[in-house]
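Worksheet: one structure, shown below.
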Amino acid sequence: MDHTAIHAQLFAFYDGELTGASRRAVEDHLLDCAECRALIAQWKHVTGALFQSPTVSPSDVFVQRVMRRIMTPRPRAFRLSHWLLQGGWLIPTAGLAVMLFVMIRGPLQQTVSIESLLLSDGHESSVLQQVLTGDGSSDDDVLGLLMEDAL
Amino acid sequence: MPMDERAAINELSLIQRILSGNRDAYAELVRAHQARTLRVCTALLGDAMSAEDAAQDTFFKAYQSLASFRGQSAFSTWLYRIAANHCLDLLRKRQRERTESWDALIEESGEQLHDLLVAPPDPQTVAANTELIQRALAHLTPEYRLILTLREVEGLSYQELAIALHCSLDAVKARLRRARQDLLERVRHFLGAGSV
Ligand SMILES: [Zn+2]
């Protein structure tokens, strides 16, 4: 095989990926070709300088740290589907419903009582007057007057 | 039965034990692969602290996806893949943050790099030039650095590289050729004539 064909296989040879006849062909070529020999030598220099295997050893607590990490339950990420299925939405929804009920019911009650007062006549008008003018000293007084009237 | 095959079977049964709820058994797997995983992370990232964290993350991620390991490759190769992906992300992040140009590196430390490259490679010279080596390697693309490290430091075969890098054999050969070409072109003027 000529230089160009071998050149393309040179690194496969260097990497130990060639076998049999192709390996022998490169070996034979290298005996005669200074350029291919130089290239391999250059690469050995470069890789020897830049890609040395580091001499490191794991710390004594390496395994412990990994194990602690896998044993620690992770805070679960929020998932809408889980939240809906597990009924997590019930509590805030119920809370919101109660809040809305209280907000709506309060003024409604007052409106109804004022309306009923306006529609009434006789003794009630004096109660109404007291309510509208703030004459009643307290809500209890107003309630007392209304109760009295009912009786 | 060959030793490797027996070890692989033992490892598979260990993994089965872990998956069936014996989480403590994972420690055995970590113990068996910690040195190799830390070594590849160190070779890729350069500094010991980042490497230890990356190796920890690798084992954590491996545990999380252990059920997907089918034993079609060696567990170590599967682990290389996780470590490689994790370190690749970190290298890409570093690359975005790198400010030094290759020309600036040559201008400032060309002589030192020349001495390193022409001297017979020995561990003492390499140890004395760790910082310079890391600065030089930071100029390779993360993909080139990864494939060269897995091949030159870890000695992975093309087949193992294909598994670890999740690509075809042809892609491995092509990427390896381009990575070597790129590196040799960068340092060619230190080495004299010759090309890939
Ligand atoms: Zn030749």
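Residue numbering restarts at 1 for every chain, and letters A, B, ... go by the order of the sequence lines. Just so it is clear, the model here is predicted, and its values are computed rather than measured.
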Under 4.5 Å to a heavy atom of chain A? For B:V40 that would be neither
Measuring heavy-atom distances to chain B, does A:S57 have an atom under 4.5 Å in its side chain, in its backbone, in both, or in neither?
backbone
Please classify the contact of A:E17 with chain B as side chain, backbone, both or neither, using a heavy-atom distance under 4.5 Å.
side chain
Heavy atoms, side chains only, cut-off 4.5 Å: are B:D24 and A:M71 in contact?
yes
Would you say the side chains of A:S59 and B:E52 form a donor-acceptor pair under 3.5 Å?
yes
CG-CG distance between A:L39 and B:L184, expressed to the nearest 0.5 angstrom:
6.5 Å
Which bit of B:T125 is near chain A, if near means a heavy-atom gap under 4.5 Å: side chain, backbone, both or neither?
neither
Structural part of B:N129 lying under 4.5 Å from a heavy atom of chain A:
neither
The interface call for B:L148 against chain A, heavy-atom contacts under 4.5 Å, is both
From B:L150 CG over to A:F51 CZ, what is the distance, rounded to the nearest 0.5 angstrom?
10.0 Å
Where on A:A12 is there a heavy atom nearer than 4.5 Å to chain B: the side chain, the backbone, both, or neither?
both
When rounded to the nearest 0.5 angstrom, what is the spacing between OG1 in A:T47 and CZ in B:R180?
7.5 Å
Check each atom of B:Y158 against the heavy atoms of chain A and say whether the ones under 4.5 Å are side chain, backbone, both or neither.
both
Using non-hydrogen atoms and a 4.5 Å limit, figure out which bit of B:A127 sits close to chain A: side chain, backbone, both or neither.
neither
Out of B:R151, B:Q56, B:E154, which one racks up the most heavy-atom pairs below 4.5 Å with chain A?
B:Q56
Look up atom CZ in B:F59 and atom CZ in A:R65, then write down how far apart they are to the nearest 0.5 Å.
12.5 Å
Using non-hydrogen atoms and a 4.5 Å limit, figure out which bit of B:L140 sits close to chain A: side chain, backbone, both or neither.
side chain
Greatest number of non-hydrogen atom pairs under 4.5 angstrom with chain B, of A:P58, A:G48, A:S53, falls to A:P58
Would you call A:D15-B:K173 a salt bridge at under 4.0 Å N-O?
no
Using 0.5 Å steps for rounding, measure from the CZ atom of A:F62 to the CG atom of B:L38.
6.0 Å
Interatomic distance, A:I70 atom CD1 to B:F60 atom CZ [nearest 0.5 angstrom]:
8.5 Å
Region of B:L116 that comes under 4.5 Å of a non-hydrogen atom in chain A
both
